[in-house]
Amino acid sequence: MVSSTPRYRFAPSPTGYFHVGGARTALYNWILALQNDGIFVLRIEDTDESRNQPQWTQGIIDALAWIGIDGSDTHFEGPYFQSAYAAAHAAAAHKLFESGHAYYCDLTPEQVQERAKASGKPGYDGHSRDRGLTAGPGRVLRFRVPAGTTVVHDEVRGRVEFDNSTIEDFVLLRGNGSPVFIHANVVDDISMNISHVVRAEEHLPNTPKQQMLWEALGHKPPVWAHVPVLVNEQRKKLSKRRDKVALEQYRAEGVVAEAMVNYLMTLGWAPSGDTEIVEFSRIVSEFALSSVNHSSAFFDVKKLNAFNGEYLRKMSTTEFVAACDPWISGTPPTAPGVDTAPPVAHWPKERFDRAVFERVAPLVQTRVSLLSEVPAMIDFFFLADPAIDASAFDKAFAADWARPSLRTIRERLATADWSVDSLKSLVEAIGASLDVKLGKLQAPLRVATTGRSVGPPLFESLEVLGREETLRRIDAALRRAG
RNA sequence: GCCCCCAUCGUCUAGAGGCCUAGGACACCACCCUUUCAAGGUGGCGGCACGGGUUCGAAUCCCGUUGGGGGUGCCA
């Protein structure tokens with residue numbers, strides 16, 4: 001029975017867009033919007049056994065779930081998974097042979113190559129077209145490409161015409177009888193009542209072949225939509241080997257799903273108005289395949305991070321603290337197969353104080369663009385002896401006023417009222433007497449107590465750190481400074 | 001080789017013949033704010049690949065050139 005709701009097929013490609021869980025797949029953005037229109041069928045087809053493993057596909061499903069796509073009814077295709085349509089593949093091949101749309105050929109790849117070389121024309125020359133061969137071991141089934149032209153109507157690119165004479169008689173069934181991707185692909189589409197095929201533009205040149213197959217099999221072809229591909233700095237399509245393209249990698253680094261989705265949508269498309277950071281509901285309502293850009297897009301991590309920073313700042317403190325949890329509790333999201341290990345909280349678990357983090361969370365919220373940056377920003381609260389950055393230390397203590405002023409500060413701190421305001425005015429007063437600006441004067445104090453020259457606002461931090469610990473660290477720094 | 005796709009600031013884009021002296025975002029620079037660093041505010045830098053048409057008028061339409069990408073497998 002044919003569904004009245006459009007069924008889309010998300011066509012992953014080995015050379016496409018984005019890399020999830022070990023497979024380079026594509027089009028997250030379009031898929032997200034398309035969910036609005038109807039049933040979404042995610043199908044993964046890969047007859048390469050080495051890549052077609054359960055853990056591999058689970059990685060894809062997990063990554064999709066992260067950005068809000070339900071991949072639970074994903075259809076997997078390939079030798080590792082028993083194909084639900086294996087019988088259909090064979091039946092379709094037989095039908096094509098019987099109807100004369102396909103024929104068998106006994107030439108080996110080497111022989112095909114030799115003939116091509118001899119004739120000077122690349123590709124298969126149709127040698128067995130009329131030899132009347134029947135099925136047999138080592139014989140491949142080839143599609144008999146008809147004369148004429150094939151016109152593909154593409155949702156994003158419009159009308160594209162192909163001269164059939166430029167398309168050779170391609171293989172449908174291998175010598176061992178197994179179906180080739182393109183054959184399995186259209187038979188599965190037909191079996192699943194697929195109405196829309198949305199995929200990366202690199203598939204466009206092969207589309208006429210598929211369309212001819214649909215027609216030869218007696219079906220009306222689906223709606224095609226070829227969206228642009230993502231490229232690296234060199235304008236080459238994203239490659240797993242050289243490019244950082246795993247979705248989980250960004251999750252592990254602390255990109256939030258909403259920012260990821262929002263950023264992805266801006267690649268090849270833009271919401272109306274002057275802002276690119278928009279609610280997902282607006283993206284869904286405004287998006288249309290026909291408004292998708294035709295050219296490839298460069299994945300700009302800097303912009304992704306900027307988007308993420310903005311999403312982080314939009315959160316309430318409570319939300320932010322909750323979002324930070326995996327990183328501050330020491331168990332950030334793992335990313336199997338991803339090379340770079342994300343930074344983790346490196347303080348002893350028992351020293352971590354959640355209440356302390358909640359107090360300073362608003363201060364770190366405006367200072368990070370990735371959640372993985374949080375631990376390094378607050379570790380001095382939870383480390384018994386935070387490492388002192390040597391160059392920061394030397395710089396801070398280089399001035400002749402540095403040591404004496406820190407001694408004075410230490411003395412007054414011992415009895416001062418322990419609040420941000422009094423801490424600040426105390427240090428400010430000392431600065432005034434020395435004619436040193438607060439910005440400079442606080443440097444030795446900051447390095448002494450936090451180990452670094454930059455960090456959250458100092459007096460707020462000291463207030464949270466407490467008098468005893470602050471004094472202890474100043475004493476240690478003074479001893480070090482000699 | 002042949003076939004297909006693409007072409008607006010560094011990057012992502014807005015732009016469907018006059019609203020364009022080409023708008024926004026990221027990045028970059030400057031200033032303001034400021035207890036470091038951020039965040040925030042203000043301003044700045046910067047682009048229609050080139051050449052021909054069509055038109056009163058072209059970033060927008062047509063042709064060509066150049067450049068980039070992809071396909072052309074018993075890979076997917």
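Reminder, nothing fancy here: chain letters follow the sequence lines and each chain counts from 1. Just so you know, these numbers use all the heavy atoms, side chains as well, and skip hydrogens, waters and symmetry mates.
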Whole-Å distance, A:N185 CG to B:G73 C1', equals 16 Å

Subject >> Nearest-Å distance once atom P is located in both B:A22 and B:C63 >> reply: 28 Å

field: Nearest-angstrom distance, P atom, B:C31 to B:G67
entry: 43 Å

By nearest-heavy-atom nucleotide on RNA chain B, the more 5' of A:K209 and A:T166 is A:T166

Taken to the nearest whole Å, CD/A:Q365 to C1'/B:A38 is 12 Å

Atom CD1 of A:I182 and atom C1' of B:C74 are separated, to the nearest Å, by 14 Å

Among the nucleotides B:U11, B:A27, B:U35, whichever has the atom closest to the side chain of A:F459 is B:U35

### Task
Using a heavy-atom cut-off of under 4.0 Å over every strand shown, decide if A:S272 touches base, sugar-phosphate, or nothing.
nothing

- OP1 or OP2 of B:C26 sitting under 4.0 Å from any side-chain N/O of A:K302? no

note: A:L230, atom CG; B:U11, atom P; distance rounded to Å ~ 15 Å

Value for CG (A:L445) from CG (A:L462), rounded to nearest 0.5 Å, stands at 5.5 Å

Is A:K303 side chain donor-acceptor paired with the B:A25 base, going by distance under 3.5 Å alone? yes

Between CD of A:E460 and C1' of B:A38 the distance, given in whole Å, is 13 Å

Check your understanding: Below 4.0 angstrom, N of the basic side chain to O of the carboxylate: do A:R159 and A:D154 qualify?
Key -> no

On RNA chain B, more 5' by nearest nucleotide between A:T275 and A:S453 is A:T275

**OP:** Assert yes or no for the condition that the ring centre distance of A:Y311 to A:F307 is strictly below 6.0 Å.
**Re:** no

**Message:** So, OP1 or OP2 of B:A14: does either fall under 4.0 Å of a side-chain N or O from A:N293?
**Reply:** yes

| said: What I want to check is whether the side chains of A:S419 and A:D421 have a donor and an acceptor closer together than 3.5 Å. | reply: no

Please state the C1' separation for the pair B:U8 and B:C50 - nearest whole angstrom.
15 Å

Compare side-chain N and O positions of A:R142 against OP1 and OP2 of B:C74 and report whether any pair is under 4.0 Å apart. yes

Just call it for A:P208: base, sugar-phosphate, or nothing, with non-hydrogen atoms closer than 4.0 Å on any strand.
nothing

* Provide the distance between the two C1' atoms, one in B:C29 and one in B:G10, to the nearest whole Å. => 14 Å

Side-chain donor or acceptor of A:E202 under 3.5 Å from a matching atom on the base of B:G69?
no

Establish whether the base of B:C5 is bridged to the side chain of A:R157 by a donor-acceptor pair shorter than 3.5 Å. no

- Message: Please classify the nucleic acid contact of A:G138 as base, sugar-phosphate, or nothing, using heavy-atom distances under 4.0 Å.
- Response: base

Distance under 6.0 Å and angle within 45° of the ring axis: does A:K209 meet both against A:F170? yes

From CZ of A:R313 across to P of B:A38 the rounded distance in Å is 12 Å

Here the distance between atom P of B:G73 and atom CD of A:Q111, to the nearest Å, is 17 Å

Check your understanding: With a 4.0 Å cut-off on heavy atoms, is A:V140 in touch with a base, just the backbone sugar-phosphate, or nothing at all?
Key -> base

### Query
Contact class for A:L107 (heavy atom, under 4.0 Å): base, sugar-phosphate, or nothing?
base

Tell me whether A:R452 forms a cation-pi arrangement with A:F380, defined as NZ or CZ under 6.0 Å from the six-membered ring centre and within 45 degrees of its axis. no

Between NE2 of A:H294 and P of B:G15 the distance, given in whole Å, is 12 Å

- Tell me whether the centres of the aromatic rings in A:F97 and A:Y104 are closer together than 6.0 Å. yes

Does A:R174 make a side-chain N or O approach to OP1 or OP2 of B:C75 shorter than 4.0 Å? yes

